[in-house]
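Heads up, the thing below is written out as C-alpha cells.
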Amino acid sequence: MAHTGRITQQRIGVLMGGQSSEREVSLRTGRAVHQSLVRRGYDAVSIDVSADLHRQVTEQKIRIAFLALHGPGGEDGTIQGFLETIGVPYTGSGVQASAVGMHKIVTKTLLAAHGIPVPAGTVVMRGDAVVSLGKVLKAAKTTLPVVVKPASQGSTIGVTIVRRQKQWTEALALAHRYDHEAMVEAYIPGHEVTVSILGSAGATPMVLPAVEIVAPDGFYDFSAKYQKGKTQYLCPAPLAAKILKQLADLGLRTYQVLGCEGAARVDFRITPRGRPYVLEINTVPGMTETSLLPMAAAEAGIDYDSLVERILQSALNRAKRMGQDVKRESA
C-alpha cells in the first residue's frame, strides 16, 4: 500500500556501487534503501554509479539523489560536488564536511584543535626515506601496539594492529596500497563504541543510543563488520551513564565541528578507565541489515523506513537552500 504522507513527489535516484573497495557493501546499502523508499510509495530508482553517471541521472530524470555510496568517490566530497554542479540536491553532508570526514588525518587535526580527544599518532608518506618503526613511534609519541591505516578508506580496509616489530613493514605496505598517506596511531585498549547522529532542519541533531561492538579477537575488521553472527552488538551500550553522556556530547561536537548534515556515525575507543577517544566519523553510514545506524535508530523507536525518510529530508533541506522546490509534482 502506498504511503500517503510522502515528503516529496519527485523522482529519487539511489546512488550506489561505484568503484571503491567498499562497492559490495554500498550495493547492499543501496538495495535496502531503494526497497524502503518503494515500500513508502516514493518514485525511486537504483543507479549503479559509473563514468556515465551524468547520462544516467539525465535519462532517468532524477531530481533528488539518495547517497548510498561508501569510500572514496562517494563519501569524500567528489560525488557531492558533482551533484551540486548539475543542480541535484542530495542526502547527507556537503562537499566540505564529506572531504574532511573521509580524510582521517584532516579530521583528527581539526578535532584536536577543538579539544576533542583523539589518539596520539603521526603520518608516514609512501616513499618516505626513513620509515623505521623506532623513529615512527618516537614521532607518534607512543609505543607498541599501534594501528596502521590508510588515510582515506572505510570499513577497516587496509588496517593492521601492529603488536610486534616484525609486522611493521607489511602493515605499512598494506596501508600504502590504498593511500599514499598512512596514519600510525596509538592502539587504545578497551571498549569499541559507536554513536550515530541524525540531523534535523533548524533543530539540534538527535544523538541516537550508543552501540558497543564486541568483535572476535577484539578487532572489528571487514569480515567482523559484514558477516552475520561474527560480532556481538550491545545496544544500548552497557556503560556507565556518565560515559554515555560524554560519548553523546563528543559525538555531537564532532558532527558539528565538521559541519555534517543528515546521518553520521562517530566511532570511539574507550579505555578500561573510561576515557573516550574519537577514532573517525562516517558521513555516509552503512544501511545494511547488519549496520549500526539502523540498530541505534530502532533502539530510539525509529524503524528502518522512518530512518530512510529522515535521511531523505536532508536532501530536501539542501534543495531549499539551492532555491529548488522538490515537493511539487514531477512534470
Side-chain angles (χ1 to χ4, degrees), residues 12-23 25-26 29-30 33 47-54 56-57 62 64-114 116 118 123 149-155 157-158 178-183 196-199 205 254-267 278-287 293 311-322 324:
I12 303 163
V14 182
L15 273 52
M16 63 179 84
Q19 301 306 311
S20 87
S21 52
E22 295 180 73
R23 172 178 169 77
V25 180
S26 171
T29 283
V33 166
I47 294 181
D48 188 345
V49 173
S50 62
D52 67 346
L53 178 59
H54 187 262
Q56 289 177 284
V57 168
I62 302 302
I64 301 166
F66 195 114
L67 298 184
L69 290 159
H70 301 314
E75 257 176 288
D76 59 2
T78 305
I79 197 77
Q80 291 80 2
F82 166 76
L83 292 168
E84 295 216 359
T85 302
I86 63 171
V88 174
Y90 54 89
T91 55
S93 294
V95 175
Q96 180 177 297
S98 299
V100 171
M102 188 69 200
H103 198 282
K104 296 178 177 65
I105 298 163
V106 177
T107 298
K108 191 171 173 175
T109 304
L110 186 59
L111 296 183
H114 282 81
I116 294 171
V118 294
V123 181
K149 52 183 147 183
S152 297
Q153 283 289 333
S155 291
I157 289 166
Y178 293 98
D179 199 300
H180 70 283
E181 293 175 286
M183 190 158 82
S196 297
I197 294 103
L198 202 49
T254 298
Y255 181 97
Q256 291 172 328
V257 163
L258 267 69
C260 295
E261 295 177 62
R265 208 187 71 233
V266 181
D267 297 338
V278 174
L279 296 184
E280 62 179 89
I281 187 167
N282 297 274
T283 54
V284 186
M287 290 283 283
L293 170 61
I311 295 171
L312 176 61
Q313 182 65 52
S314 65
L316 305 190
N317 299 341
R318 177 165 284 110
K320 196 172 177 184
R321 292 201 305 272
M322 292 165 72
Q324 296 180 14

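We count residues from 1, following the sequence as given. Predicted model, so just to flag it, every value in this text is computed and none were measured.
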Heavy-atom check, side chain of Ile64 versus side chain of Leu312, under 4.5 Å: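 Ile64 vs Leu312: side chains touch.
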
Is any side-chain heavy atom of Leu15 closer than 4.5 Å to one of Leu53?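 Yes, side chains in contact.
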
Value rounded to 0.5 Å, distance of [atom1] in [X] from [atom2] in [Y]:
| X | Y | atom1 | atom2 | result |
| --- | --- | --- | --- | --- |
| Leu198 | Arg265 | CG | CZ | 13.5 Å |
| His54 | Phe82 | NE2 | CZ | 5.5 Å |
| Glu84 | Ile79 | CD | CD1 | 11.5 Å |
| Ile197 | Gln256 | CD1 | CD | 9.0 Å |
| Ile12 | Ile62 | CD1 | CD1 | 9.0 Å |
| Met16 | Thr29 | CE | OG1 | 9.0 Å |

Looking at [Y], is its backbone amide N or carbonyl O close enough to the side chain of [X] to form a donor-acceptor pair, meaning the two atoms are under 3.5 Å apart?
| X | Y | value |
| --- | --- | --- |
| Asn282 | Val284 | no |
| His103 | Ala99 | no |
| Asp179 | Ser152 | yes |
| Arg318 | Gly92 | yes |
| Gln19 | Gly73 | no |
| Thr91 | Leu67 | yes |
| Gln80 | Gly74 | yes |
| Ser26 | Glu22 | no |

Give the C-alpha distance, both sets of side-chain angles, the deciding distance and a yes or no for side chain to side chain contact (heavy atoms under 4.5 Å, CB included) between Ile116 and Val266. CA-CA 12 Å; Ile116 294 171; Val266 181; over 6 Å; no

Might you point out which heavy atoms bring [X] and [Y] nearest each other, and give the distance in Å?
| X | Y | value |
| --- | --- | --- |
| Thr85 | Gly81 | OG1-O, 2.8 Å |
| Gly71 | Ser20 | CA-OG, 4.0 Å |
| Leu69 | Glu75 | O-CG, 3.9 Å |
| Ala68 | Gly30 | CB-CA, 3.6 Å |
| Ala315 | Pro89 | O-CB, 3.5 Å |
| Ser314 | Gly262 | CB-CA, 3.7 Å |

Side chain to side chain contact (heavy atoms under 4.5 Å, CB included) between Asp267 and Val278, worked out: CA-CA 6 Å; Asp267 297 338; Val278 174; over 6 Å; no

Using a strict threshold of under 4.0 Å (side-chain N to carboxylate O), is an ion pair present between Glu261 and Arg321? yes

Could you check Ile311 against Met287 for side chain to side chain contact (heavy atoms under 4.5 Å, CB included), going step by step and ending with a plain yes or no? CA-CA 11 Å; Ile311 295 171; Met287 290 283 283; 4.0 Å; yes

Given the rule in the side chain to side chain contact (heavy atoms under 4.5 Å, CB included) test, do Glu181 and Lys104 qualify, once you have shown the distances and angles that lead to the verdict? CA-CA 10 Å; Glu181 293 175 286; Lys104 296 178 177 65; over 6 Å; no

Exactly one of Leu111, Thr254, Val100 clears side-chain contact (heavy atoms from CB on, under 4.5 Å) with Ile281, and that residue is Thr254

